[in-house]
*Asks:* 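Following this message is one structure expressed as structure tokens.
Order of the sequence lines fixes the chain letters, A, B, ..., with proteins taken first and strands second; residue numbering starts at 1 for each chain. A quick note: this is a predicted structure, and the numbers were derived from the prediction, not measured.
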Amino acid sequence: MKNKITKLLENALNISVQKGQLPEVSLPYMEVEAPANPEHGDYAANAALILAAQAKQNPRKIAQIIQDNLSDPENIIGKTQIAGPGFINFFIKDDVWHKALKNIDEQKEKYGFINYGGGKKVQVEFVSANPTGPLHIGHARGAVVGDVLSSLLSATGYCVSKEYYINDAGNQMNNLGKSVLLRYRELLDEKIEFPETCYRGDYIKDIAGKIIKEEGEKYLHSTEEAAIGYFTSIAGQIILEEIKIDLRDFGVVFDEYFSEKELYKNDGVTKLLDKLKKQGFVYSDGETLWFKTTDFGDEKDRVVIRKNGEPTYFAADIAYHQNKFARGFDTVIDIWGADHHGYMPRMWAGIQALGYSKESLKIILVQLVNLLRGGAPVAMSTRSGEFVTLREVLDEVGRDAARYNFLMRRSDSHLDFDLEVAKKQSNENPVYYVQYAHARICSILKMAQERGIALPVYADTDLSFLREPEEKTLIKMLVRYPETICGAAKALEPHRIPFYLNELAGVFHSYYNKNKVISENDGLTAARLFLIMEIKIVLQNALNILGVSAPEKM
RNA sequence: GCGCCCAUGGCUCAGCUGGAUAGAGCGCCAGACUACGAAUCUGGAUGCCGCAAGUUCGAAUCUUGCUGGGCGCACCA
């Protein structure tokens, strides 16, 4: 709908220019929006206001010219008016709204899917926690944001791949192996001292116990190096499997798991650095190898090969992003914890040196989560083993409420997550408000059928029975749904969907309390049943993108 | 010290990429089930949009400077 009006405006503008009524102008961005005040029409355009400065004319006069040249081949506009400083307000004909309902009814679960992306390949990389322990609440937010963003991009015509980067090549992994070895020895009655740098969680003991059960005490006799190597690998695998299970139960499923180790095969990292050296992006100071990130606006150059000959995490990350783009992705989206923001200029420098544009790598920062229980903060630390795991949150709060809580706020704002509030099945929990609207509609439809009223089909339904202002509002909101999805995808802002849903559910609940859907008037009943069927479709489709269930009963 | 992010009713947050009278939930007060589900609805109070300039037809939104908070500033990941 919005697009149609934009097109009409563009045509009118071209005609105005051709007629010489307006000078040649470039139009960077024209906004067509649904105004808050219904007196301002169904849609309003600010085109004349934007053009005023360029055309050096009074905005109202420009609006007048545009209005005069407006043609309406599809006959959708009831009237237009010029208002305020120069807005052009559009009033859409009723039968156009009715056809919009028909469109939803026909498209069903496809309603809201649009081809904005044109099949471009996008990769979304998220979570990517190194497998040294179970996922905790901090990872959960990034997981949901990445997952929903991916769904959103799929729905808007992108070809999306979700990827988890396994940081399984660094020091942290070595610490993991060491931690398991120490617990292993301890369980076999050796006295050990457990260093600060090691992981203290109970899951370490569980893994050690498992190794003893399956392979006995033979690693007491092998060299420490060999034992750590083996324990690192086995513990990493076990933990990664558990991470996958937790994610699956949280509704997050990846297309690819990419191991950092993969990058080092066939000297991949070294070869890439050699190439960059030849191109002049990498230089040596005798002991260490540096990347000239300052060429791309970073505040200092960064080390890629350390004095001890080991490549840094950054070196691997350049190779990783090279690998991503080599796989043919047009856009790569990284979702990081906000504490990594200082890393951004470096990464952008890296991909630009590789010959890719800065715009092709989008980085979304997800702010840290403040975990509370009944208003009191809960302390967390992976290493000490004090943390609330994703698993515990799932068991305690439930998947729908947990996901919705993380999705309600924009990802760059701080989030307080209170376990006691999140698990309450009450009005303090917005997810139920939306789900309740869906369940309520299901219940009405069921009631209608029990009373022998067949569910209406468009051809036999006279939608002109829908005369209440709330009914018009509801239809307009349903039409706005694809626009909301598209806007959220463009801006990479999933939180817009919960806000849309809350509003839709709110208007529906209010309407429900004021008007009876099933009444003595058959025509009115059919029209209203048809309307709520379409509301149900939109609620379901939107919840589906969020990965939240749309229950028929609660 | 330098850099990034944030600042909107008592609390938690939106504000659609500069638009018309700044919104919602929670909490508070007063009401609505012999009616399709009261996990709902109706009504009410609450604001120098952190402060100060600037940009223009128009600023919560953009620029600059302050104030206050978070986070970074590794040859860790």
Side-chain angles (χ1 to χ4, degrees), chain A residues 29 31 33-37 39-40 44 46 49-50 52-53 58-60 83-87 89 128-130 132 167 169-173 260 287-290 299-300 302-314 316-317 337-345 365 367-368 370 408-410 412-416 418 421 424-433 435-437 439-448 450-451 480 483-484 486-488 490-491 493 495-496 498-500 502-503 505-506 508-519 525 528-529 532 553-554:
Chain A
Y29 184 77
E31 195 167 325
E33 60 163 24
N37 187 339
E39 284 172 27
H40 296 142
N46 65 348
L49 295 161
I50 296 176
N58 181 319
R60 283 193 72 106
F87 289 102
N89 296 335
S128 299
N130 54 11
T132 54
N167 299 143
N171 271 334
Q172 302 303 329
M173 290 304 287
E260 185 182 353
E287 297 183 302
T288 60
L289 210 57
W290 295 79
E299 55 191 16
K300 55 169 283 200
R302 307 291 174 176
V303 172
V304 281
I305 301 285
R306 300 194 272 252
K307 211 186 284 184
N308 65 8
E310 294 281 319
T312 59
Y313 178 83
F314 176 48
D317 224 359
D339 52 338
H340 287 65
H341 65 80
Y343 197 77
M344 293 166 74
L365 296 178
Q367 274 294 349
L368 307 179
N370 246 334
M408 276 191 317
R409 288 173 182 79
R410 35 185 318 141
D412 59 6
S413 80
H414 296 264
L415 168 64
D416 289 337
D418 194 312
V421 175
K424 269 191 213 164
Q425 301 202 355
S426 72
N427 54 3
E428 281 176 78
N429 225 331
V431 65
Y432 300 115
Y433 185 76
Q435 289 183 319
Y436 186 62
R440 199 172 224 180
I441 291 173
C442 291
S443 173
I444 301 168
L445 296 176
K446 199 172 141 213
M447 176 64 70
E450 280 169 10
R451 294 191 191 173
R480 236 178 65 202
E483 294 158 15
T484 303
C486 192
K490 265 191 229 179
E493 290 182 351
H495 75 275
R496 294 190 191 183
F499 276 90
Y500 169 84
N502 271 317
E503 197 183 337
F508 167 73
H509 282 310
S510 170
Y511 169 68
Y512 169 89
N513 272 277
K514 216 164 137 188
N515 305 93
K516 290 214 59 152
V517 174
I518 300 169
S519 66
T525 300
R528 287 183 171 170
L529 283 172
I532 67 167
K553 282 192 267 202
M554 300 173 59

*Asks:* According to a strict under-4.0 Å criterion, is A:S413 in side-chain N/O contact with OP1 or OP2 of B:rU12?
*Replies:*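 For B:rU12, OP1/OP2 do not have a side-chain N/O of A:S413 under 4.0 Å.
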
*Asks:* What's A:R410 touching, base or sugar-phosphate or nothing? Going by heavy atoms closer than 4.0 Å.
*Replies:*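 Sugar-phosphate, no base atom in range.
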
*Asks:* Tabulate protein N/O versus nucleotide N/O from nucleotides 27-36 of chain B, keeping only pairs under 3.5 Å, one per line.
*Replies:*
| residue | atom | partner | partner atom | Å |
| --- | --- | --- | --- | --- |
| B:rA35 | O2' | A:K516 | NZ | 2.6 |
| B:rC36 | O2 | A:I518 | N | 3.0 |
| B:rC36 | N3 | A:V517 | N | 3.0 |
| B:rC36 | N4 | A:Y512 | O | 2.9 |
| B:rC36 | N4 | A:N515 | O | 2.6 |

*Asks:* Paired with B:rA24: which nucleotide, if any, by Watson-Crick or G-U wobble criteria at under 3.5 Å for both distances?
*Replies:*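 Partner of B:rA24: B:rU12.
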
*Asks:* Nearest to the side chain of A:S510, which nucleotide is it out of B:rA77, B:rU42, B:rG3?
*Replies:*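 Comparing B:rA77, B:rU42, B:rG3 against the side chain of A:S510, the answer is B:rU42.
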
*Asks:* Rounded to whole angstrom units, what separation is found between the CG atom of A:N46 and the C1' atom of B:rC16?
*Replies:*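 Spelled out: CG on A:N46 to C1' on B:rC16 is 13 Å.
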
*Asks:* Have a look at A:Y433 and say if it touches a base, only the backbone sugar-phosphate, or nothing, with a 4.0 Å heavy-atom cut-off.
*Replies:*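 If one applies the 4.0 Å heavy-atom cut-off, A:Y433 turns out to touch the sugar-phosphate alone, with no base involved.
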
*Asks:* Say we look at B:rG58 and B:rG18: how far apart would their C1' atoms be, to the nearest angstrom?
*Replies:*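 B:rG58 and B:rG18 have their C1' atoms separated by 8 Å.
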
*Asks:* Check for me: is A:H340 stacked on B:rG72 by the 5.5 Å centroid and 30° plane-angle rule?
*Replies:*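 Taking the rule of under 5.5 Å and under 30°, the ring of A:H340 does not stack on B:rG72.
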
*Asks:* Give me the distance, rounded to whole Å, that separates B:rA60 from B:rA53 when you measure between the P atoms they each carry.
*Replies:*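 These two P atoms come out 14 Å apart once rounded.
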
*Asks:* If I take atom CG in residue A:N370 and atom C1' in nucleotide B:rG70, what distance separates them, rounded to the nearest angstrom?
*Replies:*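 It works out to 10 Å between those atoms.
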
*Asks:* Between the side-chain atoms of A:D339 and the base atoms of B:rG72, is any donor-acceptor pair under 3.5 Å?
*Replies:*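 It does not, because no donor-acceptor pair links the side chain of A:D339 to the base of B:rG72 below 3.5 Å.
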
*Asks:* Out of B:rA77, B:rA20, B:rC6, which has the shortest distance to the side chain of A:A44?
*Replies:*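 Side chain of A:A44 sits closest to B:rA20.
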
*Asks:* May I have the distance from A:F508 (atom CZ) to B:rU42 (atom P), rounded to whole angstrom?
*Replies:*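 Atom-to-atom, A:F508 to B:rU42, this comes out as 13 Å.
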
*Asks:* Grab the N/O contacts between the protein and nucleotides 56-62 of chain B below 3.5 Å, and write none if there aren't any.
*Replies:*
| residue | atom | partner | partner atom | Å |
| --- | --- | --- | --- | --- |
| B:rC57 | N4 | A:L49 | O | 3.2 |

*Asks:* Starting from C1' on B:rC13, measure out to OH on A:Y500 and report it in whole angstrom.
*Replies:*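 Answer to the nearest Å: 21 Å.
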
*Asks:* List in chain and number order the residues that pass salt bridge (Lys or Arg N to Asp or Glu O under 4.0 Å) with A:K516, two or more places apart in sequence or in another chain; answer none if no residue qualifies.
*Replies:*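 If we apply the salt bridge (Lys or Arg N to Asp or Glu O under 4.0 Å) test to A:K516, skipping adjacent residues, there are no hits.
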
*Asks:* Determine the interatomic distance between C1' on B:rG65 and the same-named atom on B:rU42; round to the nearest Å.
*Replies:*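 To the nearest whole Å, 48 Å.
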
*Asks:* Is A:H341 side chain donor-acceptor paired with the B:rC71 base, going by distance under 3.5 Å alone?
*Replies:*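 It does, because a donor-acceptor pair links the side chain of A:H341 to the base of B:rC71 below 3.5 Å.
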
*Asks:* Provide the closest heavy-atom pair for A:Y436 versus A:H509 in the form atom of the first, atom of the second, distance.
*Replies:*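 Looking at all heavy atoms of both residues, the shortest contact is CD2-CE1, 3.3 Å.
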
*Asks:* How is A:N130 classified with respect to the nucleic acid when contacts are heavy atoms under 4.0 Å: base, sugar-phosphate, or nothing?
*Replies:*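 Here A:N130 touches the backbone only, sparing every base.
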
*Asks:* Rounded to whole angstrom, note down the C1' distance from B:rG25 over to B:rC41.
*Replies:*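 Per the computed distance, 15 Å lies between those C1' atoms.
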
*Asks:* Determine the interplanar angle of the A:F508 and A:Y511 rings, folded into 0 to 90°, and report it as parallel if under 30°, tilted if 30 to 60°, perpendicular if over 60°.
*Replies:*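 Because their plane-to-plane angle lies in the 30° to 60° range, the rings of A:F508 and A:Y511 count as tilted.
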
*Asks:* Expressed in angstrom and rounded to an integer, what is the separation of A:E503 atom CD from B:rC13 atom C1'?
*Replies:*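 After rounding, the gap between these two atoms is 15 Å.
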
*Asks:* In the structure shown, which nucleotide is the Watson-Crick or G-U wobble counterpart of B:rG68, with both distances under 3.5 Å?
*Replies:*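 By the stated definition (distances under 3.5 Å), nothing pairs with B:rG68.
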
*Asks:* Establish, with yes or no, whether the OP1 or OP2 oxygen of B:rA7 is under 4.0 angstrom from a side-chain nitrogen or oxygen of A:H414.
*Replies:*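 Indeed not, no polar side-chain atom of A:H414 lies that close.
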
*Asks:* Please state the P separation for the pair B:rU21 and B:rC49 - nearest whole angstrom.
*Replies:*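 Approximately 15 Å lies between the P atom of B:rU21 and that of B:rC49.
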
*Asks:* Is there a side-chain contact between A:M447 and A:V517 in this structure, where contact means two heavy atoms from C-beta onward sitting under 4.5 Å apart?
*Replies:*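 No, their side chains stay 4.5 Å or more apart.
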
*Asks:* If you check every side-chain atom of A:T312, which of B:rC16, B:rC5, B:rC75 has the closest atom?
*Replies:*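 Taking heavy atoms from C-beta onward, the closest nucleotide is B:rC75.
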
*Asks:* Kindly check if the number of other-residue, nucleotide or ligand heavy atoms within 6.0 Å of CD (A:E39) is above 12?
*Replies:*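 Open: at most 12 neighbouring heavy atoms sit under 6.0 Å from CD of A:E39.
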
*Asks:* Could you state the atom-to-atom distance from NZ of A:K300 to P of B:rC4 in whole Å?
*Replies:*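 A:K300 atom NZ is separated from B:rC4 atom P by 18 Å.
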
*Asks:* Is there a stack between A:F499 and B:rA24, judged by ring centres under 5.5 Å and planes under 30°?
*Replies:*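 Stacking is absent between B:rA24 and A:F499, given that the ring centres and planes do not meet under 5.5 Å and under 30°.
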
*Asks:* Name the nucleic acid region contacted by A:H509, choosing base, sugar-phosphate or nothing; use a 4.0 angstrom heavy-atom cut-off, strictly under.
*Replies:*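 Sugar-phosphate contact only.
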
*Asks:* Determine the interatomic distance between P on B:rA14 and the same-named atom on B:rG1; round to the nearest Å.
*Replies:*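 After rounding to an integer number of Å, I get 30 Å for this pair.
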
*Asks:* Across all strands, who's sitting opposite B:rC57 as a Watson-Crick or G-U wobble pair, both distances under 3.5 Å?
*Replies:*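 Looking at the geometry, B:rC57 pairs with B:rG19.
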
*Asks:* Using atom P in both nucleotides, what's the gap between B:rG10 and B:rC6 to the nearest angstrom?
*Replies:*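 After rounding to an integer number of Å, I get 23 Å for this pair.
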
*Asks:* By nearest nucleotide on RNA chain B, pick out whichever of A:L365 and A:Y436 is the more 5' one.
*Replies:*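 The residue closer to the strand's 5' end, by nearest nucleotide, is A:L365.
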
*Asks:* Distance check, C1' atoms only: B:rC62 and B:rG19, in whole angstrom units.
*Replies:*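 Here B:rC62 and B:rG19 have their C1' atoms 14 Å from each other.
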
*Asks:* Could you tell me the Watson-Crick or G-U partner of B:rG31, where both distances fall under 3.5 Å? Say none if there is no partner.
*Replies:*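 For B:rG31, the partner nucleotide comes out as B:rC41, under the 3.5 Å rule.
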
*Asks:* The side chain of A:R409 lies closest to which of these nucleotides: B:rA38, B:rA14, B:rG3?
*Replies:*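 Taking heavy atoms from C-beta onward, the closest nucleotide is B:rA14.
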
